[in-house]
Each structure stands twice: as C-alpha cells, then as structure tokens.
Amino acid sequence: MKNLELAEIFREIALILEIKGENLFRIRAYQRAAQNIEGLTEDIEDFIRTDRLKEIPGIGADLSERIKEFVKTDRIKVYEDLKKSIPAGVLSLLEIPSIGPKTAKMLYGKLKIKGIADLERAIEEHMLEGIKGVKEKTIANIQKGITLLKTGKEHMPLALAMQIADDFVSALKKIPGIGNVCVAGSLRRRKETVRDIDILAVSDSPKKVMDTFSTLPAVKDILAHGQTKSSIRTQDGVQVDCRAVDVNSFGAAMVYFTGSKNFNIKLRQIAIKKGLKLNEYGLFRKNKFVAGKTEAEMFKHLGLPYVEPELREDTGEIQLALKSKLPILIELKDIKGDLHVHSKWSDGMNGIEDMAQAASKLGYSYIAMTDHSQSLRVANGLNKDDLKKKRLEIDKVNKKMKNFRVLYGTEVEINSDGSIDYSEDILKQFDVVVAAIHIAFKQGKEKLTSRIVNACRNKHVHIIAHPTGRLWGTRDAYDINFDEVLKVARETNTALEINSFPNRLDLNDTNVRRAKAAGVKIAINSDAHIAEQLKVMQFGIFVARRGWLERKDVINTLPLEQLLKTIKNEN
DNA sequence: GCCGTTTTCGGCCCGACTGTTTTCAGTCG
C-alpha cells in the first residue's frame, strides 16, 4: 500500500511550491490531495485498477497521472525536478515556528541558508541584521522558534492533553462572570495525539479572560496576547491557545475552533453557495447575523445534520451529512462489558472479584478474565493447573454476583512459530479467547502476517488483541499485511480489538475505518491490569468514533447471551 | 491544480496577532 508514501510526497511538493512562491491554489490542491489520500480506507492501487482515481475529492486529471506514475515507477518526475531546485534543508526551516514560506525563501535567496544549522550560524554572525523587514524582534522570534523546535513537545498523547486542558479550564471557570469554557481543536476531535490545546471561553469582557489566562501559574512564555486571542507555552513546553467570544458567537466559535481546518473550509464553501458568510462570529447574510449561538443552529442553517467533532476531518463526512447518512457513533454507555482484563492470576494487581465488582459499578454486565498463557513467563502466564484453580474461583464469584457474569477467558500467546500457546483441548473450554503477539515482532512482514492469520483461522480464537502491536513512543506497529488480516478476520468471524490503553490505542482510527469497510467486527477493550484501569475504555471509544463505528460494529455492545452466540459463530 | 443548477474560465475560507511599516505582509490556526 503506497497511500501514505504518496501523501507524503504530495505534501512535500506543496512545501517546495510554497517556498518558490507558486500559485496558492495549486499548493492547496497538493495539500488537499495529500490529506484525502491519507484518509483513504482503500489501497490507492485499487482506485487505479478500477479507474476511480477521479472519484477521490481533489484528484483531477493531472494528479491522477502523477499517482499512476508513482505507483508504476516509484517516482514522480515533477517531484524529482522540484527537489533539485531547492536544497532539502531549506524545507526544514519551515518547521521553525514564526518561519513561513516567505521567510524561508528570503533566507535561502539572500543568505544562502540551507538549513537550521546554517540559520543559527547566520544569526550568530549578525548576518540577518540590516535585511529589509527584519529587526530585533524578528530575529529574537526566530531564535525562540529554533529553541522551541529543539526542546518543545511535538505531539502528546490525548490522555495527557486532556489532563492539562482540564487544569486550564477549571482555572478559567473561576473568573467571575465567565460563561462556558470548553476545549476545542484536535483535542475535542479526540485525535490520538495533539500538538496544542485550544480553549474557548464565553465572556463579556474578553480582555479579562486574556489577562487571567496569560498569567496563570502554569504559563512560562506568552507567545501572543491580544484582545480576544492569546497563546502561551506551559512550563512543560505545551502550547495552549485561548480565545474569548461573546455568548451569541459561542456556537460559531466552537465550530471554527474545533476544526479541522479542511472541514471549516468545506463549511464556508457550503455557506457561500447559500449566499451566506461563515466566520467564527456566526453565519451572516449580507452582514446580517443569521446564527451563531449554538453549533446545532449553525449546522441547521447550513442545511446539515449535527456533525460529531470526531468526524470533522473532511474525509467524506460532509458528503454523507449532505445526504443525511452520517453514522450514529458509538458511545461509552453502549458498552456492555470488557473482553480483555487481567487479574492477579497473571500480571494484574487485583483479584477476580475486585475486577468484577469494579466492572459492575461501571454498569457492565460481563467481563472476560483474560490472563496470559503459559509461555509468557514475564507476565506469569497460566499453566494447565493454574487454569483449573482460576476457573473454580470464577465460578465462585459468579455464584456470588447478581446480574453480572465473569467470563472464563485467556489472552493466549501467538508463539513465534505461529502456533497457539494452548492446545485445542484447553482452548475449547474458554468462554472468550483473545490471541495476541508479545514476542518476536521483528520477524518480517510475511511471517508476522501469517502468525496473525493463523490465529484468526483457529476456530477457538475470538479476538485478536492489539493487532498491530504499536506502543506509543516506544515501538512502531508491526510490519503486517493488514489487508490480508482483514480478509481472513472477516472470513473467520474473528473480531479485531481496539485496545484502549492510552499508549496503545491499537487499532488506530484509520485502521478501524478500514476494518469497518472490510466488514470486520471490533471489540473495544481496556486491557486493564488494575481495577481503576477499566476506565481507559473511554479512549478506545474515542478511537472507535474517529473510525466511524456504530454500536452494531462492536461486539461488546451486545447483551451477554447474544455476545456468546456471536463470537461462537452460532448465528 | 481542481471544479461547475451562476461557470469549461475564473474563481478558489476567513480573521487575529505581530512586527514592521506609514498601510500592510507574514504567519498561524
């Protein structure tokens, strides 16, 4: 699958064109194409094979040819030529905050600066001084930008961002007379990682909000401080933007500030077609205010149903919204149980009853106690004798608890040779079998794919846990043929997991969408090792929603009896 | 470079903040 590679190239073409000062709309066309290709749930080569390239929004005659050229020859001539015209390092200048295409072009044109190291040297040697339009502050900002780039946090996991955002929101809510205070931006869209935090506040006196915001104890640097909009960096290097609006503009501002950028552009185009103007203050007809107080009324006046924030990425949701065919996204309250949970029997910290009680308190009606299997010694995997004792304990807990069922489960190891860590005899006794890879994940694409595919083909395996194995900040996804996995999972009625652990979130949103498109069922599980961790389920739900999942796509939204029938292939 | 119940040519989202200017360009979201 060459989708991501291709998107990357288009994006780079756009950057080079930007520096060269080319037509802005040509640049945007490449950016848009890159984004749309990235969001595809299907292999780009399939589009070529079936002659549907031009059905992808933003792909016309020219880009179709470029795509075909790339798939066929692995290169794009236009791109190769462009790369020759500008040294690679010049593009890296754009990563520095405060440096955009114009500045990068000027630096390269006037001072032959070909990268960040060059730029630092030039500043040291006072070479920037005396250039038209560059004074002390510009130089200071570039220096600050370089420092930020080197030390600053690039992206942080959603869970961390939510905590930081909560602190800011509570602090702002203490301002006397303040109205709504909400997070917006990619955080509200629940992207798995976010670069900065956006907060929107309703107030009659925006200046007061700005002053309070920029002087909170967590603030280290003030990046901008205006009348209605400010931007700061925290002691930990996280950028937080805050904007204050009038109560009548709250909905418009939420739409605007939540994004995504491309989603906003699409909405504004729709507005124009209706003879309206859309900005962060509202919808206007000839400067007359039409709507703006709530998001719901904004969408309504644009002729659209409410679009959930997680969908607002301009990857086809607007087209569906126009036809009123948006998916009804799954919610946390739809989850009836957790099918991947550990206890003291393997590497968990709580006993079976503790986990069951905690799950019951969350409103679940079942959990599967899926402790590790015998070969995974580091996690205290269970042998045959352990399993017998564990089963007795489960029976005991089940007798005691009302309206709740502990399912006898395992997270069985997919061994390095592709075999399953328990024999058929043992496997068939479990209510729920989750299979997973924890060892030998550098075997290469073919071998890894065949291990997972074999597990799917084992009739006792119901779910593949954390199917791509990525660990945020530690380990990339395994190199597997995901299309092959989807095909076999579908054939064998094996569910793929969304592992909700904040550093896993595996499957991710794009893969979830691909799985749904392929007709594969999903299980959203916590993988909790202590009772408190059952609550990470919400992060899996975020991923599911970003992957367009509805209740019916997820097996653990089913009541117990139906769930058992479904996973055992009995209906 | 894309796209079309206004159009196959001429449009293409909109505004805040900053730093440098004498009215605005560049950057950012």
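Each chain gets a letter, A, B and so on, in the order the sequences are listed, and its residues count up from 1.
In this structure, A/I27 reaches neither bases nor backbone, as no heavy-atom distance under 4.0 Å exists between it and the strands shown. Residue A/L24 is classed as having no contact, given no heavy-atom separation below 4.0 Å to the nucleic acid. Among the heavy atoms of the strands, none lies under 4.0 Å from A/A271. Residue A/N23 is in base contact, counting any heavy-atom pair closer than 4.0 Å across all strands shown. A/E136 comes within contact range of the sugar-phosphate backbone alone, with a heavy-atom separation under 4.0 Å but no base atom that close. Residue-level contact check: A/K132 touches neither bases nor backbone, having no heavy atom under 4.0 Å from any strand. Counting any heavy atom pair closer than 4.0 Å across all strands shown, A/I99 reaches sugar-phosphate atoms only and no base atom. Counting non-hydrogen atoms under 4.0 angstrom, A/I265 reaches a base of the nucleic acid. Residue contacts shown for A/S231 are absent, as no nucleic acid heavy atom lies under 4.0 Å away. Residue-level contact check: A/S230 touches neither bases nor backbone, having no heavy atom under 4.0 Å from any strand. Among the heavy atoms of the strands lying under 4.0 Å from A/D62 are primed sugar atoms or P, OP1, OP2 only; no base atom is included.
Rounded to the nearest Å, the gap between the C1' atom of B/dC14 and that of B/dC9 is 25 Å. Spacing between B/dT21 and B/dT5 at atom C1', rounded to whole Å, works out to 46 Å. Spacing between B/dG15 and B/dT8 at atom P, rounded to whole Å, works out to 29 Å. Spacing of C1' atoms, B/dC3 relative to B/dC17, comes out at 33 Å, to the nearest Å.
Considering only side-chain atoms of A/K137, the nucleotide from B/dC12, B/dT20, B/dC14 that sits closest is B/dT20. For A/Y256, the side-chain atoms get nearest to B/dG29 when compared with the rest of B/dC17, B/dG29, B/dC13. The side chain of A/T103 sits closest to B/dG26 out of B/dG26, B/dG29, B/dC2. Of the listed nucleotides (B/dT18, B/dG19, B/dC14), B/dG19 has the atom at the smallest distance from the side chain of A/T138. Distances from the side chain of A/K261 to the nucleotides B/dT27, B/dC13, B/dG1 place B/dC13 closest. Proximity note for A/A224 (side chain, C-beta onward) versus B/dC12, B/dC14, B/dT18: the nearest is B/dT18. Picking from B/dG29, B/dC14, B/dC17 the nucleotide with the shortest atom distance to the side chain of A/K229 gives B/dC17. Of the listed nucleotides (B/dC13, B/dG29, B/dG15), B/dG29 has the atom at the smallest distance from the side chain of A/D241. Side-chain proximity of A/R195 to B/dC14, B/dT18, B/dG29: nearest is B/dG29. Checking B/dT20, B/dG29, B/dC17 against the side-chain heavy atoms of A/D196 singles out B/dG29 as nearest.
Residue A/R28 places at least one side-chain N or O closer than 4.0 Å to OP1 or OP2 of B/dC13. The side chain of A/R26 places an N or O atom within less than 4.0 Å of a non-bridging phosphate oxygen (OP1 or OP2) of B/dG1. For A/S64, no side-chain nitrogen or oxygen approaches OP1 or OP2 of B/dG1 to under 4.0 Å. Between A/K135 and B/dT21 there is a side-chain polar atom (N or O) within less than 4.0 angstrom of OP1 or OP2. Side-chain nitrogen and oxygen atoms of A/R66 include at least one within less than 4.0 Å of the OP1 or OP2 phosphate oxygen of B/dG1. In this structure, A/N264 does not reach the B/dC13 phosphate: none of its side-chain N or O atoms is under 4.0 Å from OP1 or OP2.
With respect to A/K516 and A/E550, a salt bridge is recorded, a charged nitrogen being found less than 4.0 Å from a carboxylate O. A/R513 has no carboxylate O lying under 4.0 Å from a charged side-chain N of A/D509, or vice versa, which leaves the two without a salt bridge. The pair A/E280-A/R243 meets the salt-bridge criterion, since a charged nitrogen lies less than 4.0 angstrom from a carboxylate oxygen. Under a 4.0 Å N-O distance rule, the pair A/E38/A/R11 qualifies as a salt bridge.
For A/Y281 against B/dG15, no side-chain N or O and base N or O form a donor-acceptor pair under 3.5 Å.
If you check B/dG15 for Watson-Crick or wobble pairing at under 3.5 angstrom, you find it paired to B/dC28.
The two residues A/L94 and A/P101 have their closest heavy-atom pair at CD2-N, 3.5 Å. For the residue pair A/F257 and A/A184, the shortest heavy atom distance occurs at O-CB, 3.6 Å.
Classification of B/dT7 as syn follows from a glycosidic angle within 90° of 0.
Using bins of under 30°, 30° to 60° and over 60° for the plane-to-plane angle, the ring pair A/F168/A/F213 lands in the tilted bin.
Proximity of a side-chain donor or acceptor of A/N508 to a complementary backbone N or O of A/N511 within less than 3.5 Å is detected.
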